[in-house]
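Here the structure is a predicted model, which is why all the values come from computation and not from measurement. The first residue of the sequence shown is numbered 1, and numbering continues consecutively from there.
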Amino acid sequence: MKLRQNLLRATILASTAWSLQASSALAATTHSHKAHTHTQSPVLSTMPAPSPSHAGPIIHPHHSAPHSEDESVVVTGTHATNRHARQSIAPISVISNATLRRSGAVNLADAITHTYAQINVSNMGGDSGALTSSIRMRGLNPNQVLVLVDGKRRHTTANIYQDSGPEFGATPVDLSMIPANMVDHIEVLEDGAAAMYGSDAIAGVVNIITKKQSHGFNISAQSGANAYNGDGWQYQVNGDGGFKWGDTGYVHIGAQLTHSDHFITKNVFDHRLIGYTPPGVASVLYTAPAGGYQPPATSNKIMSTPEETRENLFINFGRSINDNIDFYGQVSYAHRHSEAFENYRTPNKAPEVHPFGFSPIETNEENDFGTILGLKGQVYGFDWDLSTVYGEDIDRIGNKNTANHALYVATGYTPTDALAEGYSMSQWTNTLDFRRHFSLFNAVPVTWAFGAQHRLDGYQITAGNPASYLMGGTAGYAGLTPQDAGKWWRNIWAGYTDADFHFTPKWEVDFAGRYEHYTDVGNNAIGKVSTRYDFTKRIGIRGTISNGFRAPTLAEQNFSALNVAPNGAGGLLPVNSAAARSLGASPLKPERSVSASGGIVVEPVTGWHIETDVYQINIRDRVVQGGTTNGPTAVAAIKQMGLALPSDLSPADYSNVTASYFANGASTRTQGLDIKTDYLFHLHKYGNLAVTAALDLNRTRLHHNGIGSNGEQLLTQQNIAAITTEYPRSKLILNAYWTYQNWDVNLRQTRYGETTGMMTYEDWTPSAAVCPKANNQALQYSNSCFAQFKNTPRWLTDLEVGYRFNDHWHVAVGGNNLFNIRPRKLPANLNSLGASVYDQDSAQVPMFGGYYYGRINATF
């Protein structure tokens, strides 16, 4: 405990010391605010930026003083050239490859979460949602974050998050399908940008810039585990390198292999197996018959992380065709096999097949590929860029170590492995961009950009094996039926224009507008106005107001499923079905947003940078989980879809059977404050110390709860909490990076603010307890009364120590969450079956605790 207190104290002192010592710091890094240039460039801002020559996956030889990441030239959120992040008209953060590597994470989404205050991930995914890596920004759904790769829209996963919670309906870009060793740096635009990039850019834009060097070779290997738990082993091996293609071209290839074992929460005791039932609770105990097998109470492994093996390949290439035209391209491929535990089934569920009980395992066999081909050049004073981008994600969701007991009783046979369903999501985007720099009236420098785009979206669902869905389906995960299956397409046509004016050397104004037509949800016209004024080279202010939209995905419009639990089931109904309409569903329409932000950028002392921005995002017609109902009404709606409930669910279990659908069910307001600051101390013979701090304060409130066509409110209190309070109210990251001779030390303190969930009263709720909001119906599994649960603030400590042997070899050892801090545990009456000990929807402290690792890097 004393060690932890000393580390915490040291990091806080380092992160605040610049306010006392900046005035006396010697040889501080100088930041000069260069005048914005408007020279013509053959590379459009939508094109990949040339990779800095120093970028790479290793620490720089001899530990040269690190420069501020916000000194990097950026291409996101602007069509201007030679624009640095700190000069930007909207807030942009740059995360370098070295910063991501020092996070100690082998997954790109986790690496960003460790190092960037505005992005978080939920504790764990439910069902197939556990098998996809996604991020949440500014408290919003992953669907509301646009991800670009080298300025081009990245295709999304086909694997939909179908369970209740903050990520309900999400089919985001799966960041783990991009090999981390191919990332040069990441630019995060912290503003609504739908007017520039189209749908989804409501919370912000994450632009991943990949490596394009024509020389060098880098390799890295890392392995680690949860030392406190004794499981959760991970390893990662990767390499990348570049070579010349003729006299003017380059090819850069990267490959990565990653594996993660299950992390299984210890001290979990299944209520059905512990030989005790509290007074007033209906018994759900499993007692072995004479001579039968009594499973241990720790058999349920539902509160765990998936096992995953992933292989990634990424290739960048380009060369000049002539003096005015360049050719470029990109190819990526990733394969993943992942497995996640479902709730344990007791020996009486399928005794003929699993006499000792069984834990069904949900699997995903996933193939993801993308390609970019483009030409860029100059003509008549215009920069132009013509590109075609295709990407597709294909998932085959399976269920192994399972059984369809009802099928066995009827036929004498049941498989133990079954294909549950298949998904495919594709995007084909063709874009033509133009840009020109000129002076208006020979006095006002202008950057004018315009372009047109066509996108074809495709989504396909294939049914599972009949055994996976007949008679209630396989235990753990029932497959999709032929009536769930289908193929859907839509075309999107778009045009945009953007004009950036420098009315004076100190005052810049940018106007952007975009028009889009969707063949399924209609037209959208949006715009944005941004401005910045620099009073001096040390003080500037900026602000933006914009409107935006997010079109409902094809998955949100067409997906349906039945999820089964040992003591209940949940049906997600397609919004356009008669079953969903009977519960109040209406056709989906786009989400609409209005965003405003304002900030100040100051440099009070040379080298000490502070950026402060406030923001507000109003969203109406949010696509959420709506019309949630339970009991006989839910059972009737599920059966209306032609779906059969598991045969072992009796009418007494129907209170734990729910049905819901996608709905434009909410209007929300998100408000926040971001503060970023950094300073570099030159300690002379004692090396260099770079200190940074980043704070995100965030709050989302519900302003309108939608009403279904049946007159009922669409959101329950639990649904409201999922989109408002399950995200941390604050996140603070304090980081100190010290380099001395051949040594380097990185110390990071992260404070997560409070999250609040509205939890279901589960199986250990007294049978006689009633819900006064629902005419005194049973409190157990109530869909009207919920229990408030708070995850109180937590501090996490990360430490990495590295040593460089020479210009080529570097090793590091480290620990994330050194002191094994975990979320608060749920009380017994809110803990489903005694096995779900944490609030899985909370985007606060990860549930897997302390992780220790070692890494070796080499560059040649």
Asker: Any luck finding a side-chain donor-acceptor pair between N364 and D395 under 3.5 Å?
Answerer: yes
Asker: Before we go on, tell me: are the rings of F662 and F559 under 6.0 Å apart, centre to centre?
Answerer: no
Asker: Is it the case that the side chains of H259 and T309 hold a donor-acceptor pair, with the cut-off being a distance below 3.5 Å and no angle test?
Answerer: yes
Asker: Has D763 got a side-chain atom pairing as donor or acceptor with L833's backbone, closer than 3.5 angstrom?
Answerer: yes
Asker: Go through the structure and list residues passing ring-ring contact (aromatic ring centres under 6.0 Å, His included) with F789, not counting sequence neighbours.
Answerer: none
Asker: Can you see whether T363 engages E339 through a side-chain donor-acceptor pair at a distance of less than 3.5 angstrom?
Answerer: no
Asker: How would you list, by chain and number, every residue that makes a salt bridge (charged side-chain N to carboxylate O under 4.0 Å, His left out) with E762, sequence neighbours excluded?
Answerer: none
Asker: Applying salt bridge (Lys or Arg N to Asp or Glu O under 4.0 Å) as the test, list every pair that has at least one member in residues 263-280; sequence neighbours left out.
Answerer: D270-R272
Asker: Start with the C-alpha gap between E366 and H337, add the side-chain angles, then the distance that decides, and say whether side-chain hydrogen bond (donor to acceptor under 3.5 Å, both in side chains) holds.
Answerer: CA-CA 6 Å; E366 184 171 7; H337 175 80; over 6 Å; no
Asker: Can you name the ring-ring contact (aromatic ring centres under 6.0 Å, His included) partners of H405, sequence neighbours left out?
Answerer: none
Asker: Identify the two heavy atoms, one from T402 and one from A475, that lie closest to each other, and give their separation to 0.1 Å.
Answerer: OG1-O, 2.7 Å
Asker: Shortest non-hydrogen contact from T724 to T700?
Answerer: CB-O, 3.3 Å
Asker: Roughly how far apart are I821 CD1 and R794 CZ, rounded to 0.5 Å?
Answerer: 7.0 Å
Asker: Write down the atom of C785, the atom of Y761, and the distance for their closest heavy-atom approach.
Answerer: O-CD1, 3.7 Å
Asker: Excluding sequence neighbours, so at least two apart, what forms salt bridge (charged side-chain N to carboxylate O under 4.0 Å, His left out) with D368?
Answerer: R154
Asker: Angle between ring planes, H271 versus W764, binned at 30° and 60°: parallel, tilted or perpendicular?
Answerer: parallel
Asker: Nearest 0.5 Å, please: how far is CG in N141 from CZ in F168?
Answerer: 10.0 Å
Asker: Under a 4.0 Å N-O cut-off, is there an ion pair linking E754 with K790?
Answerer: yes
Asker: Could you check whether any side-chain heavy atom of Y838 comes within less than 4.5 Å of a side-chain heavy atom of R822, counting everything from C-beta outward?
Answerer: yes
Asker: Do N300 and N343 have a side chain donor and acceptor closer than 3.5 Å?
Answerer: yes
Asker: Within a strict 4.5 Å, meaning less than it, do heavy atoms of the L572 and S660 side chains meet?
Answerer: yes
Asker: Mind listing the closest non-hydrogen atom pair of P179 and Q256 along with its distance?
Answerer: CA-OE1, 3.4 Å
Asker: Do we see a donor-acceptor contact under 3.5 Å between the side chains of T258 and E308?
Answerer: no
Asker: Has the side chain of T305 got a donor or acceptor atom that lies under 3.5 Å from a matching backbone atom of F263?
Answerer: yes
Asker: Would you compute the distance between atom OG of S468 and atom OH of Y477 and round it to the nearest 0.5 angstrom?
Answerer: 9.5 Å
Asker: For a quick test of reading the model, state the closest non-hydrogen atom pair linking F341 to I264 and the distance between them.
Answerer: CE1-CD1, 3.9 Å
Asker: Salt bridge (charged side-chain N to carboxylate O under 4.0 Å, His left out) with D174: which residues, sequence neighbours excluded?
Answerer: R336
Asker: Is it the case that S134 and E167 place a side-chain donor and acceptor less than 3.5 Å from each other?
Answerer: yes
Asker: Any side-chain donor paired with an acceptor under 3.5 Å for S260 and E307?
Answerer: no
Asker: Can a side-chain donor-acceptor contact be found between T113 and D110 if the only test is distance below 3.5 angstrom?
Answerer: no
Asker: What I'd like to find out is whether the side chain of V813 reaches to under 4.5 Å of the side chain of Y853, using heavy atoms alone.
Answerer: no
Asker: Does the side-chain contact (heavy atoms from CB on, under 4.5 Å) test come out yes or no for D839 and N791, once each step is laid out?
Answerer: CA-CA 8 Å; D839 177 4; N791 268 304; 4.0 Å; yes
Asker: Is there a side-chain contact (heavy atoms from CB on, under 4.5 Å) between I302 and Y344? Walk through the geometry before answering.
Answerer: CA-CA 7 Å; I302 185 68; Y344 176 78; over 6 Å; no
Asker: What distance do S782 atom OG and N656 atom CG have between them, rounded to the nearest 0.5 Å?
Answerer: 11.5 Å
Asker: For F358, give me all partners under ring-ring contact (aromatic ring centres under 6.0 Å, His included), at least two apart in sequence or on another chain.
Answerer: H354
Asker: Run the numbers on T156 and N143 for side-chain contact (heavy atoms from CB on, under 4.5 Å), then give the verdict.
Answerer: CA-CA 9 Å; T156 63; N143 279 349; over 6 Å; no
Asker: So, using salt bridge (charged side-chain N to carboxylate O under 4.0 Å, His left out) as the criterion, who are the partners of D798 when residues are at least two apart?
Answerer: R748
Asker: Do S220 and R855 come within less than 4.5 Å of each other through their side chains, counting heavy atoms only?
Answerer: yes
Asker: Quick one, Y286 and P295 - any side-chain contact, counting heavy atoms below 4.5 Å?
Answerer: yes
Asker: Using distance alone, with no hydrogens and no angle criterion, decide if N399 and T474 have a side-chain donor and acceptor under 3.5 Å apart.
Answerer: yes
Asker: Between S359 and N401, what is the shortest heavy-atom contact and its length?
Answerer: O-ND2, 2.9 Å
Asker: Can you tell me how far apart OH (Y228) and CG (L818) are? Round to the nearest 0.5 Å.
Answerer: 7.0 Å
Asker: Not counting sequence neighbours, which residues clear side chain to side chain donor-acceptor pair (under 3.5 Å) with D393? List them please.
Answerer: T157
Asker: I95 versus L100: any side-chain heavy-atom pair under 4.5 Å?
Answerer: yes
Asker: Name the one of R136, K731, R138 that satisfies side chain to side chain donor-acceptor pair (under 3.5 Å) with N120?
Answerer: K731
Asker: Decide yes or no for N698 and Y727: does some side-chain heavy atom of the first lie under 4.5 Å from some side-chain heavy atom of the second?
Answerer: yes
Asker: Whether the side chain of N816 engages the backbone of G850 through a donor-acceptor N/O pair (distance < 3.5 Å, no angle test) should be reported.
Answerer: no
Asker: Report the residues that fulfil side chain to side chain donor-acceptor pair (under 3.5 Å) with T171, sequence neighbours left out, ordered by chain and then residue number.
Answerer: none
Asker: Taking side chain as C-beta onward, heavy atoms only, is E342 less than 4.5 Å from I361?
Answerer: no
Asker: Looking at residues at least two apart in the chain, or sitting in another chain, which of them share a side chain to side chain donor-acceptor pair (under 3.5 Å) with R751?
Answerer: S730
Asker: Restricting to side chain to side chain donor-acceptor pair (under 3.5 Å), what partner residues turn up for Q844, sequence neighbours left out?
Answerer: none
Asker: With no hydrogens and no angle check, do the side chains of T756 and T725 hold a donor and an acceptor under 3.5 Å apart?
Answerer: no
Asker: Got a second to check how far N312's CG is from M177's CE, nearest 0.5 Å?
Answerer: 7.0 Å
Asker: Show, in sequence, the C-alpha distance, side-chain angles and deciding distance for V624 and I723, and conclude whether the side-chain contact (heavy atoms from CB on, under 4.5 Å) test is met.
Answerer: CA-CA 9 Å; V624 294; I723 63 174; 4.2 Å; yes
